Amino acid sequence: MQPNEQAAPAATTDQEHRLIIAGFGGQGVLTIAKLLCTTAMSEGKNVTYLPSYGAEVRGGTANCQVVVSSGVIYSPLVEQADSLIILNQLSCDRFVVRLKPGGLLVLNSSAVALDDASQTGARQVLRLPAADTAARIGNVKVTNSVMLGAFVRASGLVAEEDCLAALREHWSRRRAEVIDPNVTAFRRGVELAAEA
Amino acid sequence: MQPNEQAAPAATTDQEHRLIIAGFGGQGVLTIAKLLCTTAMSEGKNVTYLPSYGAEVRGGTANCQVVVSSGVIYSPLVEQADSLIILNQLSCDRFVVRLKPGGLLVLNSSAVALDDASQTGARQVLRLPAADTAARIGNVKVTNSVMLGAFVRASGLVAEEDCLAALREHWSRRRAEVIDPNVTAFRRGVELAAEA
Amino acid sequence: MDSEQPEGKVALVSGNEAAGEAAIRAGCRFYAGYPITPQNELTAYIADQLPLRGGVFIQAESELAAINMVFGASAAGTRAMTSSSSPGISLKQEGISYMVGCELPAVIINVQRAGPGLGNISPAQGDYYQATRGGGHGDYRCISLAPFSVQEVCDLTYLAFDLADAYRTPVILLADGMIGQMMEPVRFDHLPAPSPTPRPWALTGTPGRKRNVIKSLRLPPEELEAFNLKLQDVYATIEQREVRLEVTGPDDAEVLLAAYGTSARICRQIVERPLRQLPFKVALFRPITLWPFPTAKLAELAEKARGILVVEMSAGQMVDDVRMAVAGRCPIELLARMGGNIPSAAEITEKLITLFA
Amino acid sequence: MDSEQPEGKVALVSGNEAAGEAAIRAGCRFYAGYPITPQNELTAYIADQLPLRGGVFIQAESELAAINMVFGASAAGTRAMTSSSSPGISLKQEGISYMVGCELPAVIINVQRAGPGLGNISPAQGDYYQATRGGGHGDYRCISLAPFSVQEVCDLTYLAFDLADAYRTPVILLADGMIGQMMEPVRFDHLPAPSPTPRPWALTGTPGRKRNVIKSLRLPPEELEAFNLKLQDVYATIEQREVRLEVTGPDDAEVLLAAYGTSARICRQIVERPLRQLPFKVALFRPITLWPFPTAKLAELAEKARGILVVEMSAGQMVDDVRMAVAGRCPIELLARMGGNIPSAAEITEKLITLFA
Amino acid sequence: MSDKRFEVTILTHFCKGCGLCVEFCPEGKLYIEQKPDMRGIQAAAVRADVDCTGCLQCATICPDAAIEIVRVEAPVST
Amino acid sequence: MSDKRFEVTILTHFCKGCGLCVEFCPEGKLYIEQKPDMRGIQAAAVRADVDCTGCLQCATICPDAAIEIVRVEAPVST
Amino acid sequence: MRSGNAGNGMGKKTTTKRTESEVKRVLYERPRALLDVHTHYCAGCGHGTMHRLLAEVLEELGVLEQAIGVAPVGCAVLAYDYVDIDWTEAAHGRAPAVATGLKRVHPDKVVFTYQGDGDLASIGMAETIHAANRGENITVIFINNAIYGMTQGQMAPTTLIGQKTKTTPRGRDPETTGYPLKVCELLDQLVAPVLLARTTVVTPKHVRQTKALLKKAFQCQMENVGYSLIEVLSPCPTYWHMTPMEAYHFIEQTVTDSFPLGVIRDVKDRA
Amino acid sequence: MRSGNAGNGMGKKTTTKRTESEVKRVLYERPRALLDVHTHYCAGCGHGTMHRLLAEVLEELGVLEQAIGVAPVGCAVLAYDYVDIDWTEAAHGRAPAVATGLKRVHPDKVVFTYQGDGDLASIGMAETIHAANRGENITVIFINNAIYGMTQGQMAPTTLIGQKTKTTPRGRDPETTGYPLKVCELLDQLVAPVLLARTTVVTPKHVRQTKALLKKAFQCQMENVGYSLIEVLSPCPTYWHMTPMEAYHFIEQTVTDSFPLGVIRDVKDRA
Ligand SMILES: Cc1ncc(C[n+]2csc(CCOP(=O)(O)OP(=O)(O)O)c2C)c(N)n1
Ligand SMILES: Cc1ncc(C[n+]2csc(CCOP(=O)(O)OP(=O)(O)O)c2C)c(N)n1
Ligand code: SF4
Ligand code: SF4
Ligand code: SF4
Ligand code: SF4
Ligand code: SF4
Ligand code: SF4
Ligand SMILES: [Mg+2]
Ligand SMILES: [Mg+2]
């Protein structure tokens with residue numbers, strides 16, 4: 001059996017994207033990861049989602065390692081990330097070294113300062129005032145959706161509309177009243193990335 | 001290291017005597033076994049003493065497997081006994097098959113009926129009205145000393161005086177007031193065996 | 001897992017949740033457990049779902065109580081399960097030995113963490129000995145299944161209940177923190193409706209039948225030996241019928257990787273999508289049943305191999321079974337990571353080259 | 001044992017009592033235990049003697065409490081011991097794993113009985129895996145000593161305390177019901193005065209020093225891995241220095257008996273005082289340390305042997321270590337008795353002839 | 001009292017000779033045998049010369065359910 | 001009251017921004033920062049324009065021992 | 001299914017004379033559910049009495065075919081050899097957990113544990129308290145003999161102050177081993193239990209009272225009222241080193257000072 | 001041996017102005033024994049307050065160098081990283097057994113356990129009761145937050161009826177899980193304990209009372225009076241899903257209904 005053959009049989013030329021999403025507990029890091037995964041799955045791709053857990057969670061950073069692939073995924077660990085989505089400073093300090101040369105770095109510039117981004121060797125560094133943007137939308141809690149929208153646009157990993165559908169579905173089963181601000185935030189993120 | 005070399009180094013031609021002492025719980029079976037062992041030790045021999053234990057003890061029979069040897073003792077289990085000292089009927093039924101052909105069988109005939117002793121193949125069958133004798137001495141509890149005295153005389157395994165010394169020593173550290181009746185009982189046992 | 005999954009759909013589910021869902025689908029109607037990381041999502045999933053689906057969930061006062069509640073539920077004739085992680089599994093050892101002595105089926109999930117002692121909550125494979133050799137007292141074995149993906153957690157959990165029934169034995173699913181926490185696409189709709197074997201021995205009250213007594217006390221040594229011989233017979237049957245393994249890679253591999261669970265998943269990459277070209281052919285030997293260990297197959301492979309690299313997230317425990325299977329046929333090497341570290345494809349590749357190039 | 005034994009004298013003592021007396025003479029000043037047959041005389045002896053000789057005896061509420069009291073006493077810097085029999089030792093597994101993780105010395109005596117489950121109280125050797133491979137969680141080993149006479153119970157109990165100190169590890173004395181219950185002539189007067197190693201790590205309050213913290217929690221995997229590597233280093237040292245064994249019989253033996261404890265005692269007779277003349281020469285390989293197992297010596301002997309008969313009072317557990325040591329050098333056979341039965345010299349002889357004549 | 005009486009039976013097989021029935025019988029109907037049986041037990045026994053009142057004290061206290069009590073009545077002719 | 005006053009110090013490093021000190025200060029001397037610091041915490045801070053009475057409520061309730069209070073007195077010339 | 005009347009034709013009987021024309025009514029006979037075997041208990045041991053009462057009560061309540069017993073590890077480990085119903089063994093101290101599993105699966109059956117003081121109050125204390133606290137609808141028969149009988153006479157949590165045992169060779173010293181533990185009073189602090197009572201078996205009157213309490217306890221379960229525990233002060237002549245009668249007197253005269261008899265809680269009565 | 005005054009020079013300080021000629025008296029500062037580290041506790045967590053009080057009390061009693069702490073498995077597992085004394089860890093629930101071993105070896109040291117409600121009252125119930133029953137001369141600090149914090153929010157034995165947790169997703173139902181367990185009242189049934197009290201830390205007044213009780217508990221030990229247990233109703237804002245202030249109010253207004261505050265036993269006072 002393949003590690004995840006149920007979902008999609010192994011392809012010979014696999015396209016694989018490995019990313020880390022990290023931030024402060026409560027910033028919605030795991031929601032970003034889950035939405036990316038379900039979107040990718042809906043597009044027929046394989047995914048793995050590996051959250052940090054346990055003692056690390058409390059009051060510290062939350063992070064999630066995600067792999068999206070057209071083929072089999074072996075290690076769900078992301079040692080070298082194709083992309084980083086970073087929501088707070090501590091996470092930035094910790095994970096920026098894990099970015100592959102030529103990778104994509106998406107930063108919540110409302111909370112993260114990274115003076116010399118060139119050292120990271122990133123192909124693109126996207127600095128989004130995500131928290132400020134969210135605050136302007138009227139709900140700081142949608143910061144993560146701003147980041148998600150921007151990442152989806154910048155990476156092209158999944159289709160924007162698929163991701164929006166997943167986002168709607170996600171919140172409809174939880175708190176339907178926050179669908180709208182999240183959709184707005186996602187769209188704003190897409191715009192910000194497009195503008196960048 | 002030899003299994004019990006501390007006590008006596010291995011001899012090439014070992015004299016070994018294996019015996020089982022069995023009776024009703026409370027009949028003093030373990031005391032007989034201990035006195036035989038300490039006496040043999042005092043005479044420079046090796047011994048092992050293996051009591052039955054646990055659930056078997058309660059209300060059932062008590063038995064002890066004893067090996068006395070001039071050399072190393074390997075198994076302390078007595079599968080084939082040179083001698084049996086039997087204090088009650090249940091023990092007789094159970095252990096009589098373990099007597100070696102040509103062995104010595106000492107029975108407390110006050111409590112044990114063994115109609116056809118010839119089947120046992122015993123060299124000698126000693127039937128002692130030990131409980132009745134003890135009752136006559138004025139203490140049924142000394143039944144075991146009658147049996148011990150008779151066995152020592154009949155087997156010649158240890159010297160009578162050494163055994164009497166061990167018996168005195170044993171009771172002096174426990175209940176000095178019963179030394180005398182036990183000594184009397186032991187002597188009476190010796191006599192009964194001599195008469196037989 | 002968000003909720004009961006619609007049929008025919010692939011869902012994004014963690015290993016812990018997959019175990020919970022698969023157990024319920026396997027007809028498990030009793031679960032008792034005590035919280036411990038990294039398996040809490042399993043307990044939480046069952047706590048939420050089982051009562052809605054006709055079963056009983058109990059948060060026991062301890063792991064000891066949990067395994068003994070499972071003992072009771074199994075004695076009552078229902079499919080029952082408990083789960084925990086390493087320290088908690090240590091506490092269940094007496095209970096497991098009793099269940100073996102009483103021939104009671106049950107499924108026990110160990111989402112391993114790193115030890116010894118409190119250690120930490122990161123993934124590890126340090127409980128292999130305990131699982132495969134009976135960490136409790138006496139001579140017994142538990143069938144031990146080692147999933148390396150979330151889908152396999154689902155499938156092997158389901159299988160575990162059937163094996164437990166078939167052989168009237170506790171079955172251990174030996175996962176680890178990574179397998180438990182990781183989410184992957186999983187489907188459940190291929191699992192058949194459960195078919196628990198009849199339990200004429202169960203305690204149900206006696207109307208219409210003679211009484212049943214479930215016990216492991218066998219006072220006469222002959223009786224206890226007879227029971228042990230019967231157990232050994234069952235084990236021989238299991239060893240004959242229930243060996244499960246997977247070999248990946250070329251038939252004419254010169255070098256073998258031997259690994260299970262999380263570490264096998266990493267090794268697999270080296271066989272199927274190597275980081276760099278190796279100057280020899282490599283195959284992966286992956287036991288799915290740790291006990292019964294696929295001894296015969298490994299012996300056969302070893303015959304042709306130049307060497308074997310065992311990769312474990314422990315100081316080397318499965319390596320004992322490899323040694324016994326190989327019996328000197330070829331050299332055996334070990335790559336051991338501990339403390340919650342997962343070996344990387346890079347370091348395994350490195351080691352292979354150092355050893356065999 | 002009737003009371004404190006006068007120096008220079010050989011006394012008739014049971015294995016259980018000998019362990020108690022030797023422990024006290026080794027400087028053990030703390031004992032916690034919970035009653036269980038067939039080791040009750042040990043607890044009773046300590047209950048009577050230890051308080052008179054400056055130590056603490058506690059009847060704990062359970063085996064779990066007992067091992068954790070010993071944990072506390074050892075952390076406090078005193079030589080400490082617990083004892084039990086098989087089911088009770090299963091309950092101590094978590095605690096033992098914690099003691100390893102905290103590097104705490106202690107002596108644990110297991111007077112084995114037959115299992116699994118409640119089983120019975122007759123002698124057995126079914127806990128070999130548990131003792132030698134760490135029945136608890138995580139990667140650890142405990143030095144395991146296997147006496148085959150009451151005198152050796154005395155000597156090895158004394159030694160156990162020194163080894164525990166030297167390597168800061170729990171040490172297991174693996175006896176069985178026969179060794180525990182049997183009385184033999186024993187002397188104690190050769191035991192030197194105890195010399196516990198200094199314990200700068202112990203908890204004694206902090207006047208004049210920095211605080212000490214005793215713990216097994218090591219959250220970062222790197223830290224926990226480093227600790228595990230240190231443990232493995234200690235184990236390597238132990239494997240190098242502490243192997244103890246005894247070979248009896250001719251140097252040019254064609255056939256080897258391999259056995260420990262009670263079963264070795266029976267095997268010994270076949271070598272030294274055979275029931276009948278055998279058509280081949282036989283020697284006995286008797287490990288005294290079960291872990292570290294005398295692998296090198298056995299490999300050397302196997303080189304010259306036609307075959308090995310392993311005799312165990314279990315379904316065959318030590319046989320795994322024999323297999324690994326022998327690594328295919330010669331055939332290995334097993335004579336396994338279970339349920340509390342002790343193999344007889346006759347049946348071993350029989351088996352030898354069937355196999356090797 | 002003239003047309004009924006009570007029969008006490010000791011199920012010797014179950015009796016362990018604890019003597020409790022003897023102690024608790026208000027009539028002195030029971031006693032302990034002098035001679036141990038084959039199991040070594042000195043069992044309880046019934047005195048023929050004492051009347052049992054059927055008070056059940058003995059059967060109630062016996063830990064081994066070794067006592068049975070029967071009321072025997074002469075048939076009433078109605 | 002004229003010759004003594006109280007100084008409150010928030011040890012920001014230890015502060016977790018729980019806001020309990022703010023709630024329990026009877027004088028309204030304390031408040032929570034709008035902007036999270038680098039750790040993401042909105043720590044407590046001291047208002048300059050309010051007098052502290054040294055009642056210790058804040059320090060007593062603070063779960064993180066992040067408050068220190070000092071009484072400052074003018075020297076008495078005797 | 002059940003083999004006829006257990007008391008008949010067994011053993012050697014010492015009977016008074018019989019006449020042909022008489023009418024006989026059995027006033028007392030061995031309960032049907034007591035199997036035809038000699039128990040392993042010592043002469044005068046309270047376990048015997050409690051087995052008998054258990055058999056009588058289950059029979060009188062008509063639930064022999066619904067009953068499932070959980071036997072302890074202790075002298076009563078072989079209880080299943082004596083009472084003719086479904087039984088399971090439990091590991092030492094874990095009977096309440098095992099009973100919980102059984103009862104939750106079979107809420108309509110009559111599930112009980114039978115436990116000694118070491119089993120219930122020492123190693124099994126956590127299971128005891130938590131089963132009681134959850135209000136498991138089971139019946140607990142608690143045999144308090146102030147000693148570990150099975151392992152040949154060590155201190156139990158209920159051992160009296162000054163009592164000599166194998167592990168308190170100089171008598172139980174409260175300074176180092178604490179005081180006799182009162183289980184009923186302890187459980188009385190919990191909300192869920194419905195019947196908690198302490199009784200004994202050392203006089204016929206006490207035996208009758210104990211039987212009534214035991215019946216009530218099972219009735220609580222049958223009516224889904226909830227958890228009940230009946231504590232029985234039970235003689236262990238052997239490890240008290242007394243004759244049976246001495247042991248019986250000792251309970252009446254001494255043990256009851258430490259363990260007062262009575263109904264500690266009865267919610268059913270209250271309601 | 002101990003590194004100077006912990007409170008000095010730490011972190012960024014927001015201070016009011018100073019003048020040269022003034023005399024300063026410190027009214028409150030971080031206790032010396034509290035190490036200079038940021039704890040891992042959530043904002044508003046009661047563990048923090050109790051660590052502080054522990055440090056203050058040991059310091060004020062002058063026994064920092066005699067103290068040996070036993071840390072639990074629970075959120076307070078890292079207690080040894082915060083309070084500068086000798087410490088050991090204990091396996092989950094076994095702290096009373098570990099403390100027993102320590103104290104019996106060092107009767108002259110001040111030995112205490114620090115335990116959560118899961119640790120002390122669930123898995124460790126047997127050890128808790130038996131250490132108390134033996135009257136071990138130790139001090140038990142019992143943090144009752146009605147939840148398993150460390151494992152992220154499961155039911156504890158002390159969880160309130162109706163409280164939603166990860167294992168009671170529809171609220172704790174007494175029918176299946178029983179009622180909140182009152183440890184002090186339970187232990188009050190034992191003879192040996194000398195001080196049993198329930199308190200909280202949700203207002204400054206309560207904090208002061210708690211500190212006084214804690215001090216008394218240690219004094220009991222220092223004067224060899226015996227076993228003491230201080231139960232602290234402690235907020236877990238995180239797994240109660242409340243803000244710190246909501247959690248503090250919740251204790252005052254709701255939790256104390258199930259767990260009344262007060263001194264349940266004080267033998268010292270009585271004597
Ligand atoms: C785990 C475990 N620990 C200890 C034992 C040994 N053991 C058997 S019964 C028993 C206690 C018996 O005392 P109690 O429960 O009071 O029952 P009693 O025999 O007095 O009726 C003990 C300690 C065991 N079998 N298993
Ligand atoms: C044997 C064992 N079982 C379970 C766990 C997991 N575990 C860690 S802490 C804990 C309970 C924590 O709750 P509590 O004692 O109330 O402390 P809190 O975190 O609430 O302060 C559990 C179940 C463990 N480490 N070991
Ligand atoms: S009470 Fe019963 S067991 Fe005891 S002597 Fe009388 S009949 Fe026998
Ligand atoms: S029924 Fe009463 S009178 Fe008759 S024998 Fe029994 S106790 Fe005595
Ligand atoms: S109470 Fe303490 S931790 Fe909370 S905000 Fe105030 S200073 Fe910060
Ligand atoms: S000491 Fe009193 S007045 Fe001053 S800041 Fe604190 S709470 Fe406010
Ligand atoms: S030892 Fe005691 S409890 Fe056990 S059967 Fe004998 S009298 Fe009864
Ligand atoms: S989870 Fe709860 S108990 Fe644990 S640190 Fe956070 S608030 Fe405190
Ligand atoms: Mg008892
Ligand atoms: Mg808690």
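Residue numbering restarts at 1 for every chain, and letters A, B, ... go by the order of the sequence lines. All figures in this text were calculated on a predicted structure; none of them were measured in a lab.
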Highest number of heavy-atom pairs under 4.5 Å with chain G: which of D/A44, D/S62, D/P35? D/P35
So, the side chain of D/Q59 versus the backbone of G/T167: is there a donor-acceptor pair under 3.5 Å, distance only? no
Around G/E175, counting heavy atoms of other residues, nucleotides and ligands shown, do more than 12 lie under 6.0 Å from its CD? no
What is the distance from atom CG of D/L118 to atom CD of G/E89, rounded to the nearest 0.5 Å? 5.0 Å
Derivation and outcome, salt bridge (charged side-chain N to carboxylate O under 4.0 Å, His left out), residues D/D48 and G/K166: CA-CA 8 Å; D/D48 183 57; G/K166 288 235 176 85; over 6 Å; no
G/T176 portion near chain D, given a 4.5 angstrom heavy-atom threshold: neither
Part of D/I58 lying under 4.5 Å from any heavy atom of chain G: neither
Between D/L64 and G/I123, is the side-chain contact (heavy atoms from CB on, under 4.5 Å) condition met? List the steps. CA-CA 9 Å; D/L64 267 88; G/I123 191 170; over 6 Å; no
Kindly compute the distance separating OG1 (D/T43) from CD (G/Q154), expressed to the nearest 0.5 Å. 7.0 Å
Would the distance check show the side chain of G/T151 and the main-chain N or O of D/I36 forming a donor-acceptor pair, the cut-off being under 3.5 Å? no
Closest approach of G/P169 and D/A47, non-hydrogen atoms and distance? CG-O, 4.0 Å
When the ring planes of G/Y148 and D/Y34 are compared, do they come out parallel, tilted or perpendicular, using 30° and 60° as the limits? perpendicular
Closest approach of D/A60 to G/S122 (non-hydrogen atoms, all atoms of both residues): O-OG, 4.4 Å
If you round to the nearest 0.5 Å, how far is OG1 of D/T37 from CE of G/M150? 6.5 Å
